[in-house]
Engineer: 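Can you keep this structure in mind? I'll have questions shortly.
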Amino acid sequence: MIGAVSGPHSAQIDVSAALIKLFCAAVQDPNPRYWDDDVEGGIVAPPAMLMTWLMPLEWTPTGQRSENLLAAQVPLPGEILINVSNEAEFYTDARPGDKLYVTERLVEVSPKKTTSVGSGHFITTCSNYYNQRDELIGEITNVMFRFGAPEA
Amino acid sequence: MDHTVQVGDELAEVSDLITRRRVVMNPGVTLDYYPGHWDPETAKAQGQRDIFINTMHFMGFVDRVALEWAGWSSRLLRRKIKMQYSICAGDTMVASGSVREVEVVDGATRVHIDLWIRNQDDVPCCLADITIELGAVSSDA
């Protein structure tokens with residue numbers, strides 16, 4: 001599956017000023033670019049929210065559900081996924097009203113490793129996030145550890 | 001912040017108490033309903049001490065610390081984080097950092113920052129490598 005590409009997947013929610021403010025309230029980030037509607041150019045989304053806009057909704061009227069992360073689709077034992085590391089580059093801002101889409105690529109699957117939480121595999125994926133004008137907003141390389149319960 | 005930033009400059013330490021209530025706030029806002037962020041039983045079954053903050057909370061916190069230090073007109077270009085130990089309900093995140101490199105690219109000043117998050121017991125929890133461009137926002141708007 002290495003090199004497998006998933007997507008493009010369209011966001012189920014638009015970038016929204018309300019969600020931006022809720023995020024900043026959770027992190028306690030006072031950056032005026034996220035709060036002040038009168039700031040030059042209008043408010044922008046915090047870079048740390050980039051993955052948020054593509055998260056699947058738990059329920060929709062039509063039953064439509066986004067596909068699982070590639071890291072969950074790789075045919076390996078172990079259902080538990082934890083994030084290990086994440087590298088992101090940002091090229092332009094996401095702004096309220098934007099509708100993003102993402103393409104995801106499977107980069108690497110490690111041999112079986114045993115860590116303090118259990119035995120499993122490190123899975124590396126690379127995701128490109130675009131806005132509705134096909135402008136690249138950011139690129140994220142994520143490493144997850146996928147493992148099962150210790151006795152499994 | 002102006003262009004007098006130098007290698008070795010230290011960022012002011014920032015502490016943030018993460019109550020149980022705050023652990024669940026970020027996953028709720030970011031649609032990250034992974035049970036380890038809200039169910040203590042699941043968290044403990046996975047070897048964690050308690051429910052723990054999500055990745056996007058780490059990101060939001062290190063971004064805030066770096067940009068607050070650099071000035072709100074700065075722009076985040078790159079961030080790499082490595083998570084080593086969970087921040088659980090009741091823990092305090094303590095961020096500190098220093099300037100690793102300063103370079104000028106196309107007339108703009110880029111600052112590379114090493115940033116660490118430790119908990120209240122001085123255990124390293126997250127390592128961040130951040131690149132920002134100083135004063136980038138006004139010319140971009």
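Keep in mind it's a predicted model, so treat the numbers as computed, not measured.
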Engineer: Measuring from B:Leu31:CG to A:Glu58:CD, what's the distance to the nearest 0.5 Å?
Structural biologist: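 Here the interatomic distance stands at 8.0 Å.
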
Engineer: Under 4.5 Å from any heavy atom of chain B, what part of A:Pro46 do you find: side chain, backbone, both or neither?
Structural biologist: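 For A:Pro46, neither part sits under 4.5 Å from chain B.
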
Engineer: Test of understanding: clusters of I, L, V, M, F, W, Y form through side-chain heavy atoms closer than 4.5 Å, transitively. Do B:Leu11 and B:Met93 belong to the same one?
Structural biologist: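 Yes.
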
Engineer: Report the option among A:Cys24, A:Gly42, A:Pro32 that has the most heavy-atom pairs separated by less than 4.5 Å from atoms of chain B.
Structural biologist: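 The option with the most such pairs is A:Pro32.
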
Engineer: Please find the pair of heavy atoms, one from A:Pro30 and one from B:Glu68, that lie closest to each other, and give the distance.
Structural biologist: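 Looking at all heavy atoms of both residues, the shortest contact is CG-OE2, 3.9 Å.
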
Engineer: Under 4.5 Å heavy-atom distance to chain B, tell me which part of A:Gln28 shows up: side chain, backbone, both or neither.
Structural biologist: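 Both backbone and side chain of A:Gln28 come within 4.5 Å of chain B.
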
Engineer: Does some side-chain heavy atom of A:Ile82 sit less than 4.5 Å from a side-chain heavy atom of B:Tyr34?
Structural biologist: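 SC-SC contact between B:Tyr34 and A:Ile82 confirmed.
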
Engineer: Sort and list the pairs that fulfil salt bridge (Lys or Arg N to Asp or Glu O under 4.0 Å) and have at least one residue in residues 21-47 of chain B, not counting sequence neighbours.
Structural biologist: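 Matches after skipping sequence neighbours: B:Asp16-B:Arg22.
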
Engineer: Specify the closest pair of heavy atoms between B:Phe61 and A:Val27, including all atoms of both residues, with the distance to one decimal.
Structural biologist: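 Of all heavy-atom pairs spanning B:Phe61 and A:Val27, the closest is N-CG1, 3.6 Å.
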
Engineer: Is any side-chain heavy atom of B:Gln46 closer than 4.5 Å to a side-chain heavy atom of A:Ile80?
Structural biologist: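 Sidechains of A:Ile80 and B:Gln46: in contact.
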
Engineer: Going through the distances and angles, do B:Met59 and A:Met51 end up as a side-chain contact (heavy atoms from CB on, under 4.5 Å)?
Structural biologist: CA-CA 11 Å; B:Met59 293 173 174; A:Met51 295 186 296; 3.7 Å; yes

Engineer: Look at the side-chain heavy atoms of Ile, Leu, Val, Met, Phe, Trp and Tyr, link any pair under 4.5 Å apart, and say whether A:Tyr91 and A:Ile137 land in one connected group.
Structural biologist: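 Each belongs to a different hydrophobic cluster.
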
Engineer: If you round to the nearest 0.5 Å, how far is CZ of A:Arg33 from CH2 of B:Trp72?
Structural biologist: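 Taking CH2 in B:Trp72 and CZ in A:Arg33, the distance rounds to 11.0 Å.
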
Engineer: Is there a path of hydrophobic side-chain contacts, each under 4.5 Å between heavy atoms, that joins A:Tyr130 and A:Ile140?
Structural biologist: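 No; A:Ile140 is not reachable from A:Tyr130 via cluster members.
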
Engineer: Measure the shortest side-chain to side-chain distance between A:Asn86 and B:Lys80 over non-hydrogen atoms and say whether it is less than 4.5 angstrom.
Structural biologist: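 No - every pair of side-chain heavy atoms lies 4.5 Å or more apart.
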
Engineer: Which value, rounded to the nearest 0.5 Å, describes the distance between A:Asn31 atom CG and B:Asp63 atom CG?
Structural biologist: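 Going from CG on A:Asn31 over to CG on B:Asp63, the span is 10.0 Å.
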
Engineer: Would you say B:Trp116 ends up clustered with B:Trp69 if hydrophobic residues are merged whenever their side chains have heavy atoms under 4.5 Å apart, either directly or through other cluster members?
Structural biologist: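 Looking at the clustering, B:Trp116 is in a separate group from B:Trp69.
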
Engineer: Pick whichever of B:Met25, B:Arg79, B:Lys82 has the most heavy-atom pairs under 4.5 Å with chain A.
Structural biologist: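 Heavy-atom pairs under 4.5 Å are most numerous for B:Arg79.
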
Engineer: Using a 4.5 angstrom heavy-atom cutoff, name the option from B:Gly28, B:Gly60, B:Ala128 with the most pairs to chain A.
Structural biologist: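 Winner by heavy-atom pair count: B:Gly60.
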
Engineer: Could you pull out the closest heavy-atom pair between B:Arg78 and A:Phe90, with the gap in Å?
Structural biologist: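 Taking every non-hydrogen atom into account, N-CD1, 4.4 Å.
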
Engineer: Does any part of the side chain of A:Asn83, heavy atoms only, come nearer than 4.5 Å to the side chain of B:Met83, both counted from C-beta?
Structural biologist: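 Result yes, sub-4.5 Å side-chain heavy-atom pair found.
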
Engineer: If you look at every heavy atom in B:Leu67 and A:Tyr34, which pair is closest and at what distance?
Structural biologist: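 Closest heavy-atom pair between B:Leu67 and A:Tyr34: CD1-OH, 4.0 Å.
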
Engineer: B:Val5 and B:Val14: same hydrophobic cluster, using ILVMFWY side-chain contacts below 4.5 Å?
Structural biologist: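 B:Val5 and B:Val14: one cluster.
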
Engineer: Could you tell me which portion of B:Phe58 (side chain, backbone, both or neither) has an atom closer than 4.5 angstrom to a non-hydrogen atom of chain A?
Structural biologist: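 Neither part.
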
Engineer: Of all heavy-atom pairs between A:Thr52 and B:Met56, which one has the smallest distance, and what is that distance?
Structural biologist: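 Smallest heavy-atom distance, with atoms named: OG1-SD, 3.3 Å.
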
Engineer: Testing the basics here: between A:Asp93 and B:Arg75, what is the closest heavy-atom pair and its distance to 0.1 Å?
Structural biologist: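 Where A:Asp93 meets B:Arg75 most closely, the heavy atoms are OD2-NH2, 3.3 Å.
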
Engineer: Among B:Val29, B:Asn26, B:Thr30, find the one that has a side-chain contact (heavy atoms from CB on, under 4.5 Å) with A:Leu22.
Structural biologist: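 Going through the options one by one, the only one that passes is B:Val29.
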
Engineer: Heavy-atom count check: over 12 atoms from other residues, nucleotides or ligands less than 6.0 Å from B:Arg100 CZ?
Structural biologist: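 More than 12 within 6.0 Å, yes.
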
